Amino acid sequence: MKILGIETSCDETAAAVVEDGTRILSNVIASQIEIHSRYGGIVPEVASRQHLLACIPVLEKALADASVSLKEIHAIAVTNGPGLAGSLVVGVNLAKALALALDVPLVAVNHLEGHIYANWLNTDRPPPEFPLLCLIVSGGHTDTILMTGHGMYRHIGRTRDDAAGEAFDKVARLLGLGYPGGPVIEKASKGVQHPRHLPRPWLKGTDDFSFSGLKTAVLHMACETGAAGDRTAGDDDARKTAAEIAAGFQESVADVLVGKTYDAAEKYGAKEILLAGGVAANALLRTRIVEKSPIPVRIPAPILCTDNAAMIAACGYYRLAAGKAAGWDLDVDPNLPLVE
Ligand code: KG4
Ligand code: ZN
């Protein structure tokens, strides 16, 4: 069964064709990073206009790359939330029009659920074993989720303030490293011999996370050491210090994410750990979470961690198998929760 996935929840216009929920036939992503980096972050109105411009060429390329015609598509899966309303609406309307014209089922996919299902894609390992402990780390979310079966979720921990990706983005900005934060912090940290020591926000006694205090600690350290602000001035000492602080921040985030995920996995008897979301593309986090894990860990390839439509098509396959097709009244929900 070939499913066409469509994803436009944030600043990536994406379309993909996936067979039987696992085999990627094509995966096309048009990023708007260059446009938004001028403003240091995503401008929602600009994002929705770009989706409008890009969605048809991206769709055509996804079909061409997969060597399939629209007539060979069995269902359309689309992200309907959470995300930016004006961005989501472009994908949802495109999906509705296609499903109606082709007379095939329309499936609505929660973006976070999509991130989880990236772990079912292009793998030669047997499918993940339930119950699983999922760590979702993206620009808007830091959640641990106990997954007991397909589509069955229990929320374990969440961030009380900034999401991990959001903290990466804010710290990169205050260290003058650019946008998006995750990749630039990862790059700046490479080769740093002595990462600066920063606190670990453990939030003992709860499964929740908190990153805003760590961000404030970075701000204080950056101001005290002269590493805050614009990096274009060419001050080598300040640049070196900024890189050391960035590396220390990355260490702290990785330690806390890994420690709390292990604790939750043990507490709830998980058989495997799954990573999902843009921050799961981080090499330090990927290494650390595998290093000492007593149970198997799965992490999608980096390109499948950040926003893409293959994960939406994969999730759509399992939703459809469970009889969860959407109606024509499907609407976007910018705050769609994973667990109702
Ligand atoms: O999942 P995603 O692509 O979009 C959302 O659903 O939010 O995640 C985007 C977030 C951004 O905050 C970005 O800075 C972060 O993921 N990110 C990374 C890396 N690549 C992307 N964070 C750390 N290391 C990376 N390599
Ligand atoms: Zn995402």
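Whatever order the structure lists ligands and atoms in, that order sets their numbers, starting from 1. It should be emphasised that the depicted structure is a prediction, and the values quoted were computed from it without experimental measurement.
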Trainee: Using distance alone, determine whether H115 and ligand 1 share an N or O pair under 3.5 Å.
Mentor: yes
Trainee: The Zn ion (ligand 2) to H111: any N/O/S contact under 2.8 Å?
Mentor: yes
Trainee: Can D237 and K240 be counted as an ion pair, charged N to O under 4.0 angstrom?
Mentor: no
Trainee: Once rounded to the nearest 0.5 Å, what's the spacing between atom CG of L70 and atom CD of E60?
Mentor: 9.0 Å
Trainee: Which of the atoms in ligand 1, numbered in the order shown and given with their element, are less than 4.0 Å from a heavy-atom of P183?
Mentor: 19 (C), 20 (N), 21 (C), 25 (C)
Trainee: Does any N or O in the side chain of S26 come within less than 3.5 Å of the main-chain N or O of A62, such that one atom is a donor and the other an acceptor?
Mentor: yes
Trainee: Can you say whether the rings of F249 and F168 are parallel (under 30°), tilted (30 to 60°) or perpendicular (over 60°)?
Mentor: perpendicular
Trainee: State plainly whether the residues E186 and K190 are in salt-bridge range, i.e. N to O under 4.0 Å.
Mentor: no
Trainee: As a check for students: among E186, R286, E166, identify the option with a heavy atom nearest to atom 26 (N) of ligand 1.
Mentor: E186
Trainee: Would you please determine whether H141 falls within less than 4.0 Å of ligand 1 on a heavy-atom basis?
Mentor: no
Trainee: Please determine, by modelled atom types, if Y117 and H150 share a side-chain donor-acceptor pair under 3.5 angstrom.
Mentor: yes
Trainee: Find the distance between CZ (R160) and CG (D208) and round it off to the nearest 0.5 Å.
Mentor: 4.5 Å
Trainee: Is the closest N or O pair between N282 and ligand 1 shorter than 3.5 Å?
Mentor: yes
Trainee: Side chain, backbone, both or neither: which part of D307 comes within less than 4.0 Å of ligand 1 when only heavy atoms are counted?
Mentor: both
Trainee: Who's the nearest protein heavy-atom neighbour of atom 7 (O) of ligand 1, and how far?
Mentor: G139 N, 2.8 Å
Trainee: Go through ligand 1 atom by atom and flag the ones less than 4.0 Å from a non-hydrogen atom of G165.
Mentor: 12 (O)
Trainee: Show which atoms of ligand 1 fall inside a sub-4.0 Å distance from at least one heavy-atom site of H111.
Mentor: 6 (O)
Trainee: Tell me: protein heavy atom nearest atom 13 (C) of ligand 1, and distance?
Mentor: D169 OD1, 3.8 Å
Trainee: Relative to the Zn ion (ligand 2), which of the N, O or S atoms in D307 is the closest?
Mentor: OD1
Trainee: Could you tell me the separation between the CG atom of L275 and the CG atom of L285, rounded to the nearest 0.5 Å?
Mentor: 5.0 Å
Trainee: Assess whether a salt bridge exists between E45 and R49, defined as any Lys/Arg side-chain N lying under 4.0 Å from an Asp/Glu carboxylate O.
Mentor: no
Trainee: Within the 4.0 Å heavy-atom shell around G140, which atoms of ligand 1 are there?
Mentor: 7 (O)
Trainee: Using the side chain to side chain contact (heavy atoms under 4.5 Å, CB included) rule, pick out the option among E251, K215, Q250, M221 that qualifies with L198.
Mentor: M221
Trainee: Looking at atom 23 (C) of ligand 1, what's its closest protein heavy atom, distance included?
Mentor: G182 CA, 3.3 Å
Trainee: Using a 4.0 Å cutoff against the non-hydrogen atoms of A281, which atoms of ligand 1 qualify?
Mentor: 26 (N)
Trainee: Determine, considering heavy atoms only, which of G278, S9, A163 sits nearest to atom 17 (N) of ligand 1.
Mentor: G278
